[in-house]
Amino acid sequence: MTPYRAVIGLAGHVDHGKTLLIKALTGITTARAHEQAIGMTQDLGFAHFDDGQGNTIGVIDVPGHERYIRNMVAGLWSLDLVLLVIAADEGWMPMTGDHLRLLKAMGVPRLLVCINKCDLVSPDELLLLEENLLERVMDESGMVPDIVSVSAKTGANMAALHTAIVRQLADLPASQAAREQGAPRLYVDRVFTANGTGTVLTGTLQQGRLKVGDKLRLYPADREVQVRSLQAYHQSVDEIGAVCRVAVGLKKVPHKEVARGHCLTSTVGQCEAATHLIVQLNAESLSGKALRTQEVEVALGSWHGRARFVPIKDTRLARLIFTSPIPCFFGQPLAIIRHGSSELLHGARIVWCGDIHPARRKALHTLLGELPDELERYNPAALQLGLNGYVLANRFDQQPEQVTPLGEWLLDNCWLAQSRDQLLATLASEPLSAAELATRFGIALPVTQALLQQLKSEQLIRLHHDKWQPGSGESEDDLGEEAQLVLKVVRDQGKEGYEPGKLGPGGVELDPFITRKLPAALQQGLQQKGALQKQLRNLARLKYLVQLDGPIYYDAALYNQMVAAVLAGQQVGDLIDMASLKEISGLSRKYAIPFCLRMEMDGWVRREENERRVLRLPQTQDEMEPA
């Protein structure tokens, strides 16, 4: 038989014998010294046993008392099976029902009812209790459990309990490979410091595999960590797969930076640290309840804390708002508990992580209202595609219908057509940069850039002076890195112009901001003899720059603006003296004379002694282009 790993838990009312039952089943006492002294489990306890077929089964003991419900739910999130322990002499108690509803809300897939202390009642009483409990559990949870009666104190029927547990887990070998294929996911339930190891965290590895040396992400801090050591059931291992209790030693992570409720996963684990969630409430938890905004407690993974509960009108949806980020996943089950008590208000599943602009909430709520009840096979990327109109292509194993690939993105066909029309219409009235367009339309900048490149490839737009505008022809983004660098340096000089050899060794002084972004080889390439002059001449040929005598180089758009300013209000045949020209252009005499010579060369004016006669006036922007 294919080996498997599993983790089970014991839940139930306080003093119904869960801790003693675990010792009878595993030989391990989970209660700490102070808990034994008071006769009450206060926090999670851990044990394990061999099922006799080479499989190790981890066991989690959860507190039964109401005041420790926050610790109890931390142990439920990743279990393959829960034993609901009920004492034969006391029967169903308030916390029995609370625990049952919580474990169902937390998504526990299998339930086994274990009647303990059967030695304290008669066989007839035990038979009647079994029938009553079966009916009660079915009414409360909709589950049809097996029931085993034992006595942890005398050992009676413990072999039958062992057999029932193994039978309940019999289908796990078939799913073992799938459980290990996903990104690793481990919610932390304990943190401590060990000599020679440093910070150690423990938890249940719900899916995926871990190995020594792995680099992972720790949420909600979203920081990289590296696995220094691994232990599974007190044995050091180099690698381990789900589902298993593990202790993970981390390199160079301070003990105070990790806490219960944090999550360890990989960079592809799709974990998010969010302060806002939208959840889909379980249908059965809505029966007869009036939803209202209130403060609640939320159990999610091994995390537990307060949140503001805001129901969304006319839906099964609600918003949960937290004061600090919590690590979470799409489709993850959670329990919403009445603040200050152990009463389960709602079971729910996460359907959206993160806040959303109020203007887009209605559209999102509509999409979420169409989600199936079963979310295990639903890809949340479909939500992103439906809401935004685009999504990263690597979020899908198989490309969905009615989409167009564009670079690393998939774009909804209707959204693509609408967005193209909007971009073209906007640019027809006002040139804008990619960042300005992204902000105006609320489209991610990389997607905006991909759309602009598509439109450019169809010769519908071009980039000029860092702004996109309608038309074909030379586009600045087609320039090489060196040419773009030179163009920026010239533009940064403004009306002082750029003179090769003026700004430092090699003929160019690189802006520190640019320097950090350019490879050293590229910087050196610009400083090679003749390389800079070649780039300047080519940019002038492409009409990005205008060359004046000197040589002095100006940005072409700036030169055109100065020409337009000088000629504004003039008529053909008018004379302009040098003083007026200097005042209007804002140039010193050093630059004003080369500027006048260039205007003469371009046919705007003719020199007559110390004045310039206007020969023509610009009628359109195209006529402003220098010769």
Side-chain angles (χ1 to χ4, degrees), residues 1-12 21-22 25-26 46-62 75-85 99-100 102-115 133-134 137-138 140-150 157-187 203-210 232-233 239-246 282 284 301 329 331-333 347 349 372-378:
M1 179 180 291
T2 304
Y4 68 90
R5 289 173 292 274
V7 177
I8 68 173
L10 277 72
L21 189 61
I22 290 176
L25 186 65
T26 69
F46 307 98
H48 60 276
F49 68 96
D50 191 304
D51 70 350
Q53 301 175 18
N55 306 304
T56 301
I57 299 174
V59 182
I60 299 179
D61 184 12
V62 304
L76 290 180
W77 79 277
S78 59
L79 301 178
D80 295 300
L81 166 70
V82 165
L83 274 62
L84 185 64
V85 181
H99 281 206
L100 176 60
L102 283 167
L103 67 90
K104 188 172 189 298
M106 295 294 281
V108 175
R110 302 172 186 83
L111 178 67
L112 176 62
V113 174
C114 179
I115 301 176
L133 290 179
L134 179 61
V137 170
M138 290 173 61
E140 293 277 356
S141 69
M143 305 171 80
V144 183
D146 287 341
I147 297 181
V148 178
S149 298
V150 302
N157 224 25
M158 288 302 298
L161 176 61
H162 184 284
T163 300
I165 292 172
V166 173
R167 184 171 60 248
Q168 285 271 0
L169 302 176
D171 62 335
L172 288 184
S175 63
Q176 185 67 42
R179 287 147 66 100
E180 294 185 7
Q181 283 176 358
R185 185 181 301 182
L186 182 150
Y187 270 99
T204 301
L205 180 61
Q206 186 203 32
Q207 66 177 44
R209 298 188 65 83
L210 292 177
Y233 305 118
E239 186 173 2
I240 193 68
V243 170
C244 184
R245 291 290 306 170
V246 294
N282 295 346
E284 62 269 19
F329 300 82
Q332 185 175 3
R349 285 185 176 268
D373 288 333
E374 297 297 326
L375 299 177
E376 283 72 15
R377 296 184 180 180
Y378 183 84

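Everything quoted here is computed from the prediction, not taken from an experiment.
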(message) Main chain of Q181, side chain of Q207: is a donor-acceptor contact present, judged purely on distance under 3.5 Å?
(response) no
(request) Measure the spacing between CZ of R5 and CZ of R245 and express it to the nearest 0.5 Å. (result) 14.5 Å
(request) Measure across A242 and R179 and return the closest heavy-atom pair with its distance rounded to 0.1 Å. (result) CB-O, 3.9 Å
(request) Heavy atoms only: give me the nearest I115-I147 pair and the separation to one decimal. (result) CD1-CG2, 3.8 Å
(message) Working to the nearest 0.5 angstrom, can you tell me the gap between L169 CG and I8 CD1?
(response) 7.0 Å
(message) So which atom in V150 and which in C114 form the shortest heavy-atom distance, rounded to 0.1 Å?
(response) CG2-SG, 3.6 Å
(request) Determine whether L25 and L10 make a side-chain contact, defined as any pair of heavy atoms from C-beta on separated by less than 4.5 Å. (result) no
(request) State, with a plain yes or no, whether a side-chain heavy atom of L21 is found less than 4.5 Å away from one of L161. (result) yes
(message) Is any side-chain heavy atom of I165 closer than 4.5 Å to one of L83?
(response) yes
(request) Check whether any side-chain heavy atom of T26 lies under 4.5 Å from a side-chain heavy atom of H48, and answer yes or no. (result) no
(message) Which heavy atom of C244 sits nearest to which heavy atom of Y233, and what is that distance?
(response) SG-CE1, 3.5 Å
(message) Could you go through L111 and Q168, starting from their C-alpha distance and side-chain angles, then the distance that decides it, and tell me whether this counts as side-chain contact (heavy atoms from CB on, under 4.5 Å)?
(response) CA-CA 8 Å; L111 178 67; Q168 285 271 0; over 6 Å; no
(request) Please report the C-alpha distance between D146 and R167 in whole Å, then the side-chain angles of each, then the deciding distance to 0.1 Å, and finally whether the side-chain contact (heavy atoms from CB on, under 4.5 Å) criterion is met. (result) CA-CA 10 Å; D146 287 341; R167 184 171 60 248; 3.9 Å; yes
(request) Can you measure from OH (Y378) to CZ (R349) and round to the nearest 0.5 angstrom? (result) 15.0 Å
(request) May I ask you to test the L84-P145 pair for a side-chain heavy-atom distance under 4.5 Å? (result) no
(message) Return the CZ to CG distance between R185 and L210, rounded to the nearest 0.5 Å.
(response) 13.0 Å
(request) With side-chain contact (heavy atoms from CB on, under 4.5 Å) as the test, would you mind laying out the steps for F46 and I60 before giving the verdict? (result) CA-CA 5 Å; F46 307 98; I60 299 179; 3.9 Å; yes
(request) Indicate yes or no: at least one non-hydrogen side-chain atom of R110 is less than 4.5 angstrom from one of L172. (result) yes
(request) Go through Y4 and D80 one step at a time and tell me if the side-chain contact (heavy atoms from CB on, under 4.5 Å) criterion holds. (result) CA-CA 12 Å; Y4 68 90; D80 295 300; over 6 Å; no
(message) Tell me if the CD atom of E376 is crowded by more than 12 foreign heavy atoms within 6.0 Å.
(response) yes
(message) Please check: side-chain N/O of N157 versus main-chain N/O of S149, any donor-acceptor pairing under 3.5 Å?
(response) yes
(message) With a 4.5 Å cut-off on side-chain heavy atoms, are K104 and N282 touching?
(response) no
(message) Quick check: do I57 and L81 have side-chain heavy atoms less than 4.5 Å from each other?
(response) no
(request) Please list, chain by chain and in numerical order, all residues satisfying side chain to side chain donor-acceptor pair (under 3.5 Å) with E239, sequence neighbours excluded. (result) R209
(message) Using every non-hydrogen atom in the two residues, find where P109 and M143 come nearest and quote the distance to one decimal.
(response) O-CE, 4.0 Å
